[in-house]
2 protein chains.
Amino acid sequence: MPKVVDPIARRREVAEAVFRVVRRHGLEQASLRNVADEAGLAVGSVRHYFADHDDLLRFALAELTDRLERRVLAHAERARAATTPDERRQAVADLLGELLPLDPDRRDESEIWLAFVTAARTRPTLQPEARRLHAGMRVLIGKVLGEGGVPDVALEVERLASLLDGLAVNGVLQPDLTTPDVMRAVLRRHLESLSSR
Amino acid sequence: MPKVVDPIARRREVAEAVFRVVRRHGLEQASLRNVADEAGLAVGSVRHYFADHDDLLRFALAELTDRLERRVLAHAERARAATTPDERRQAVADLLGELLPLDPDRRDESEIWLAFVTAARTRPTLQPEARRLHAGMRVLIGKVLGEGGVPDVALEVERLASLLDGLAVNGVLQPDLTTPDVMRAVLRRHLESLSSR
DNA sequence: AATAAGCTAGCACGGATGTGCTAAAAAGGG
DNA sequence: CCCTTTTTAGCACATCCGTGCTAGCTTATT
């Protein structure tokens with residue numbers, strides 16, 4: 001048998017290359033050639049692990065979703081362990097902050113998220129994964145608000161989710177105007193206005 | 001002299017063709033060939049009115065901005081003419097609703113807006129126009145909130161602007177979940193929560 | 001050491017894209 | 001009627017794209 005290569009680890013590495021290309025030059029530049037170059041592989045090698053160009057993009061989006069989910073769930077554990085109201089408030093803010101481009105890592109992730117999710121509009125094969133992400137975010141926010149005793153949850157979930165999406169979009173597209181401080185202040189204000197009703 | 005053609009009217013017609021292509025297939029499909037076909041012209045003809053492919057996209061985005069500005073300003077007139085508080089409330093909701101994909105026309109516009117604005121991240125030549133749009137929206141919302149006597153205007157402008165952006169994004173990307181009714185309800189709730197502080 | 005299988009690398013194709021350039025067509029002014 | 005200039009149309013080139021396909025490389029097992 002040949003060199004032993006964990007195929008799913010390989011796919012993940014290639015997905016990372018996709019992310020770097022997308023972040024720097026946009027999704028439309030994530031061609032097999034560009035991605036292979038970025039990963040330090042030949043086009044043929046990349047194609048050995050992915051059936052399609054489409055397969056590559058779909059896997060990359062799924063990978064992004066998983067990563068996000070994992071990070072947020074870790075925070076959810078901590079939030080559940082909070083005891084005092086102040087602790088809880090901070091835990092919730094931190095949890096939701098994971099969805100915003102507040103530091104370089106999360107900024108990268110938000111840029112990639114925006115690129116994929118908007119591309120899904122005209123790329124049908126990306127839509128299932130995009131919907132999964134959309135729905136997952138609503139479920140999460142629903143739990144947070146539900147435990148907080150917010151009335152009219154469904155509507156408030158939509159309002160908070162849209163606010164977070166909008167903040168993320170502006171944080172990505174106009175980072176010098178929508179700074180992390182601004183995003184944090186807006187989120188804090190919104191959470192305050194929710195609990196003081 | 002040859003057939004008399006109003007060059008700026010021609011440019012506008014071609015921009016319309018760009019919009020149709022972008023809406024149907026995404027900005028990355030707005031090639032000179034596709035746009036020329038859509039406009040019923042030859043590639044050479046389109047290039048006679050635009051220096052560049054880039055020039056074409058920049059003009060199209062500027063055209064979109066102008067159109068949006070004109071529509072919103074018309075509403076602003078009406079809002080200023082409102083007398084009763086109820087009338088004013090409704091006028092403000094209508095005004096801000098112009099920025100949401102609430103009907104097919106505005107949905108088309110939002111789709112195109114999202115495509116261009118996200119593309120601007122990795123296409124430097126589109127950024128000036130994108131920033132103009134971003135800033136114009138803040139100015140408008142600032143006036144609306146300022147006249148409404150909302151405290152802490154700067155922060156609330158950012159919050160409302162992000163909410164509107166997020167609603168528009170979700171209305172475009174998940175239209176069957178983020179219906180016009182949902183968007184209207186969220187906006188109404190937000191405006192209520194602002195005035196009852 | 002020989003074998004077989006996973007893996008890597010790359011050529012070749014048909015098609016699409018932006019752009020430089022040329023040439024025909026069209027039509028108002030002399 | 002003819003000229004002049006805008007407008008239209010289209011060819012040609014270099015580049016990039018996804019993909020089908022083949023050949024060589026690598027290495028664990030027999």
Side-chain angles (χ1 to χ4, degrees), chain A residues 1-61 115-116 119-120 122-126, chain B residues 1-61 115-116 119-120 122-126:
Chain A
M1 294 202 180
K3 182 171 23 173
V4 61
V5 168
D6 182 358
I8 81 150
R10 227 332 173 247
R11 282 166 70 95
R12 264 198 266 267
E13 284 172 33
V14 177
E16 294 291 334
V18 171
F19 293 154
R20 289 193 295 273
V21 172
V22 169
R23 186 163 49 75
R24 274 203 300 272
H25 301 115
L27 192 71
E28 69 281 2
Q29 292 298 324
S31 64
L32 285 178
R33 281 166 179 82
N34 288 346
V35 170
D37 278 0
E38 176 69 34
L41 300 173
V43 176
S45 302
V46 173
R47 291 189 55 207
H48 184 252
Y49 295 97
F50 295 95
D52 244 354
H53 181 230
D54 207 75
D55 188 27
L56 171 62
L57 294 189
R58 253 181 300 128
F59 178 81
L61 177 51
F116 271 96
T122 50
R123 301 202 193 201
T125 58
L126 293 181
Chain B
M1 297 205 179
K3 181 168 27 172
V4 62
V5 168
D6 181 358
I8 81 148
R10 236 314 184 255
R11 281 166 71 95
R12 265 198 266 267
E13 285 172 33
V14 177
E16 295 291 335
V18 171
F19 293 154
R20 289 193 295 273
V21 172
V22 168
R23 185 163 51 75
R24 273 203 301 272
H25 301 114
L27 193 71
E28 68 281 2
Q29 292 299 323
S31 65
L32 285 178
R33 281 165 179 82
N34 289 345
V35 170
D37 279 0
E38 176 69 33
L41 300 172
V43 176
S45 301
V46 173
R47 291 190 56 209
H48 184 252
Y49 294 97
F50 296 93
D52 244 353
H53 181 231
D54 206 76
D55 188 26
L56 171 62
L57 295 189
R58 252 181 301 128
F59 178 81
L61 177 51
F116 271 95
T122 50
R123 301 203 193 202
T125 58
L126 293 181

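Convention: sequence-line order gives letters A, B, ...; per-chain numbering from 1.
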With a 3.5 Å cut-off and sequence neighbours excluded, list the donor-acceptor pairs that the side chains of residues 46-53 of chain B form with protein atoms.
residue : atom : partner : partner atom : Å
B:His53 : NE2  : B:Ala30 : O            : 2.9

**OP:** Kindly indicate, with the supporting measurements, whether the criterion side-chain contact (heavy atoms from CB on, under 4.5 Å) is fulfilled by A:Gln29 and B:Thr122.
**Re:** CA-CA 10 Å; A:Gln29 292 298 324; B:Thr122 50; over 6 Å; no

Original post:
Where do A:Arg24 and A:Asn34 land on the side-chain contact (heavy atoms from CB on, under 4.5 Å) test, with the steps shown first?
Top reply: CA-CA 12 Å; A:Arg24 274 203 300 272; A:Asn34 288 346; over 6 Å; no

**OP:** At under 4.0 Å between heavy atoms, which parts of nucleotides 13-24 of chain C does protein reach? Answer with one letter per nucleotide, 5' to 3': B base, S sugar-phosphate only, - none.
**Re:** ----BBBBB---

Original post:
Can a side chain N or O of A:Ser45 be found less than 4.0 Å away from OP1 or OP2 on C:dA9?
Top reply: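 So the side chain of A:Ser45 is within the cut-off, an N or O lying under 4.0 Å from OP1 or OP2 of C:dA9.
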
Shortest non-hydrogen contact between [X] and [Y], atoms and distance:
X: B:Asp54; Y: B:Thr125; result: OD2-OG1, 2.7 Å
X: A:Ala15; Y: A:Ala60; result: CB-CA, 4.2 Å
X: B:Ala17; Y: B:Val35; result: CB-O, 3.8 Å
X: A:Ala115; Y: A:Leu27; result: O-CD2, 4.1 Å

Subject >> Whole angstrom value for the distance that separates C1' of D:dG10 from NE2 of B:His48 >> reply: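 Spelled out: NE2 on B:His48 to C1' on D:dG10 is 15 Å.
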
Original post:
Quick one: B:Arg10 CZ to D:dT6 P, roughly how many Å, whole number?
Top reply: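 Those two atoms, CZ and P, are 16 Å apart.
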
**OP:** Indicate, with a heavy-atom threshold strictly under 4.0 Å, whether A:Tyr49 touches base, sugar-phosphate, or nothing.
**Re:**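 Sugar-phosphate only.
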
**OP:** Tell me which residues in residues 17-27 of chain A put a heavy atom below 4.0 Å from DNA chain D, sorted by number, or none.
**Re:**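 Heavy-atom contacts with DNA chain D come from no residue of residues 17-27 of chain A; none.
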
Original post:
When B:Glu38 is tested against each of B:Glu16, B:Arg20, B:Arg33 for side chain to side chain contact (heavy atoms under 4.5 Å, CB included), which residue passes?
Top reply: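 Exactly one option meets the side chain to side chain contact (heavy atoms under 4.5 Å, CB included) with B:Glu38, and it is B:Arg20.
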
